[in-house]
Asks: 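Sharing a structure below in structure tokens format, with a few things to ask.
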2 protein chains.
Amino acid sequence: MTYSEENYLKTIYHLTSMTEEAVSTNAIAEKMDTKASSVTDMLKKLAEKDLVNYIKYQGVSLTENGKLAAKMIVRKHRLWETFLVEKLEFSWDEVHDVAEQLEHIKSEKLINKLDDFLGNPTEDPHGDPIPDAEGRIIKVEKRLLSELEKNQSGICVGVKDTSSDFLKYLDKQEIALGSQIAIIEKETFDNSFKIRVGSKELMISNKIASNLYIQ
Amino acid sequence: MTYSEENYLKTIYHLTSMTEEAVSTNAIAEKMDTKASSVTDMLKKLAEKDLVNYIKYQGVSLTENGKLAAKMIVRKHRLWETFLVEKLEFSWDEVHDVAEQLEHIKSEKLINKLDDFLGNPTEDPHGDPIPDAEGRIIKVEKRLLSELEKNQSGICVGVKDTSSDFLKYLDKQEIALGSQIAIIEKETFDNSFKIRVGSKELMISNKIASNLYIQ
DNA sequence: AATATTTTTTAGATGCGTCTAAAATAAACT
DNA sequence: AGTTTATTTTAGACGCATCTAAAAAATATT
């Protein structure tokens, strides 16, 4: 499988993982910052290899083969991210670009040895689940902080948005995985929140609250 | 720099590192298992970027830019090999192919952090020197085992051939970096040797002796 | 339902790296 | 020196992944 095929597969996996529905050519093009025509070309190729179910004008979804292949790429990506943070002292906002490259290294032995070296982690530094060598994922039930009501609280277990900007913001506010977060006030006007993180209180917008997973 | 450009640069570096002379198109083609015409195309491209000195029909050598770039690739390759052996329990005959991929990962931070993580090693698992972040190489004076005379001895500090076959042979004979090796007898007929490794005696061909570095 | 708009696909072109076949140059040999 | 042989380069093609522009199909609008 080429580098490019892998990237398409991964994108389709992420776009379909929430909805379960077929995803549109345009959605893929937008996500990958490419043109719809390029996407169409690739979809034909992937369909040929039985990695996607593709019907002209009807969007695309992953076959079982495709799903497994995509999971293996996600597995690699998240294991490498874990390695970068845990062993090489990268911060969680710096790992994405490097992991994007590392995820394409082809060696089953490498990734399984890395998995062992890291102690077979089940989640990456952003709280996302790491598929095991068979593609199994341990699902943890988690909610968005924005779904909590006043006086409810929980522990931050993940982030939805993993952009560098967002992660840097969290670092600045000293919000990390494992942080205890309590809703002090919910502002009905703009749906912003007053929260307590550890011993500090702060205001966060609804957008922030909608990108933090709580357990 | 593309994946392919990096591979050419690395090959030219290795071919010129011994001789200091310009290297021929054919030599590169043979080493890379490709066609001379492909090499010519690439040499033009590399010359355009001031990475090689290339004169039609006269062979090619690295510019200072090219030499530094090549060293950085070699640095990455050897650091990754060290990582695989020291941290992920790969054996020294398994690391090459994976390191060939890993050496193309683009991130200065990654490679420098990896260097630190490994304790800034100066040599890889085959005894080859690892250039530092500025391209400096610590040269260790070493000789081929085949240059020793009867009753001389030394410590194995590296291998010239790093093929899987050769390394597996060494494992089988329990010859490793650090092994004490003494010449018991030199056979003038075929230039083979009777040697002692640790407490064991064995016969080795001249080809074997010509691929072991001793200090 | 007919038309306008949006989405998607096709057709054809480009850059990269590769190849084969043929031409040009260099080296080796009478 | 002239000829043969080997090496190297050029010319032209192909596969991959991408693009633009235009055509086709689906969706939305009136």
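Every chain is numbered from 1 and lettered A, B, ... according to where its sequence line falls, protein lines coming before strand lines.
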Asks: Can you list every salt bridge (charged side-chain N to carboxylate O under 4.0 Å, His left out) pair that touches residues 112-121 of chain A, not counting sequence neighbours?
Replies: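 Those involving residues 112-121 of chain A are A:R75-A:D115, A:K113-B:E89.
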Asks: Which residue, B:T25 or A:T34, contacts DNA chain D at a nucleotide closer to its 5' end, judged by nearest heavy atom?
Replies: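 Between the two, 5'-proximity favours B:T25.
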Asks: Nearest whole angstrom, please: distance from the P of D:dC16 to the CE of A:M1.
Replies: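 Whole-Å distance recorded here is 15 Å.
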Asks: Any donor-acceptor pair under 3.5 Å between the side chain of B:T40 and the base of D:dT10?
Replies: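 Donor-acceptor pair under 3.5 Å: no.
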Asks: Specify the separation, in whole Å, of atom CD1 of B:I55 and atom C1' of C:dA24.
Replies: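 For the pair B:I55 CD1 and C:dA24 C1', the rounded distance is 18 Å.
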Asks: On the nucleotide D:dT20, are OP1 or OP2 found under 4.0 Å from the side-chain N or O atoms that A:K35 carries?
Replies: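 So the side chain of A:K35 is within the cut-off, an N or O lying under 4.0 Å from OP1 or OP2 of D:dT20.
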Asks: Whether B:R78 and B:E103 form a salt bridge (side-chain N of Lys/Arg under 4.0 Å from carboxylate O of Asp/Glu) is what I want to check.
Replies: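 Result for this pair is no, no salt bridge flagged.
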Asks: Does some side-chain heavy atom of B:K194 sit less than 4.5 Å from a side-chain heavy atom of B:I183?
Replies: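 Result no, sub-4.5 Å side-chain heavy-atom pair not found.
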Asks: Round to the nearest Å and state the distance from B:D41 atom CG to D:dT8 atom P.
Replies: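 The distance from CG of B:D41 to P of D:dT8 comes to 15 Å, rounded to the nearest Å.
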Asks: Please state how far atom CD in A:Q58 lies from atom P in C:dT6, giving the value in whole angstrom units.
Replies: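 That distance rounds to 20 Å.
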Asks: Could you tell me the separation between the OH atom of A:Y3 and the P atom of C:dC16, rounded to a whole number of Å?
Replies: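 That distance rounds to 17 Å.
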Asks: Of the nucleotides D:dT9, C:dT10, C:dC16, which one has an atom closest to the side chain of B:T2?
Replies: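 Within the option list, the nearest is C:dC16.
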Asks: With a 4.0 Å limit, can you tell me whether B:K44 has a side-chain N or O closer than that to the phosphate oxygens OP1/OP2 of D:dT10?
Replies: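 Answer is yes, contact under 4.0 Å.
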Asks: Would you indicate which nucleotide in D:dT8, C:dT9, C:dT18 comes nearest to any side-chain atom of A:Y57?
Replies: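 Per side-chain heavy atoms of A:Y57, the pick is C:dT9.
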Asks: Grab the CD-P distance between B:E5 and C:dG15 for me, whole Å please.
Replies: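 The distance from CD of B:E5 to P of C:dG15 comes to 16 Å, rounded to the nearest Å.
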Asks: Calculate the interatomic distance between B:L46 atom CG and D:dT9 atom P; express it in whole Å.
Replies: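 Atom-to-atom, B:L46 to D:dT9, this comes out as 13 Å.
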Asks: Once ring-ring contact (aromatic ring centres under 6.0 Å, His included) is applied, what residue pairs with a partner in residues 9-58 of chain B remain, sequence neighbours excluded?
Replies: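 As it turns out, there is no ring-ring contact (aromatic ring centres under 6.0 Å, His included) pair with a partner in residues 9-58 of chain B once direct neighbours are skipped.
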Asks: Take A:E134 and A:K71 through the salt bridge (Lys or Arg N to Asp or Glu O under 4.0 Å) test and state the conclusion after the steps.
Replies: CA-CA 9 Å; A:E134 275 74 44; A:K71 278 180 183 168; over 6 Å; no
Asks: To the nearest Å, how far apart are A:L43 CG and C:dT10 P?
Replies: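 To the nearest whole Å, that distance equals 11 Å.
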Asks: Taking only the side-chain heavy atoms of B:N26 (C-beta and beyond), determine which of C:dT8, D:dT7, D:dC19 contains the nearest atom.
Replies: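 Side chain of B:N26 sits closest to D:dT7.
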Asks: Does A:S37 contact D:dT20 through a side-chain donor or acceptor facing the base, at a distance under 3.5 Å?
Replies: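 Flag set: donor-acceptor pair detected.
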Asks: Among the candidates D:dT18, C:dT9, C:dT18, find the nucleotide nearest to the side-chain atoms of A:K56.
Replies: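 Of the candidates, C:dT9 comes closest.
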Asks: Base, sugar-phosphate, or nothing for A:S4, non-hydrogen atoms under 4.0 angstrom?
Replies: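 Sugar-phosphate: the residue A:S4, judged by heavy atoms under 4.0 Å, touches backbone atoms but no base.
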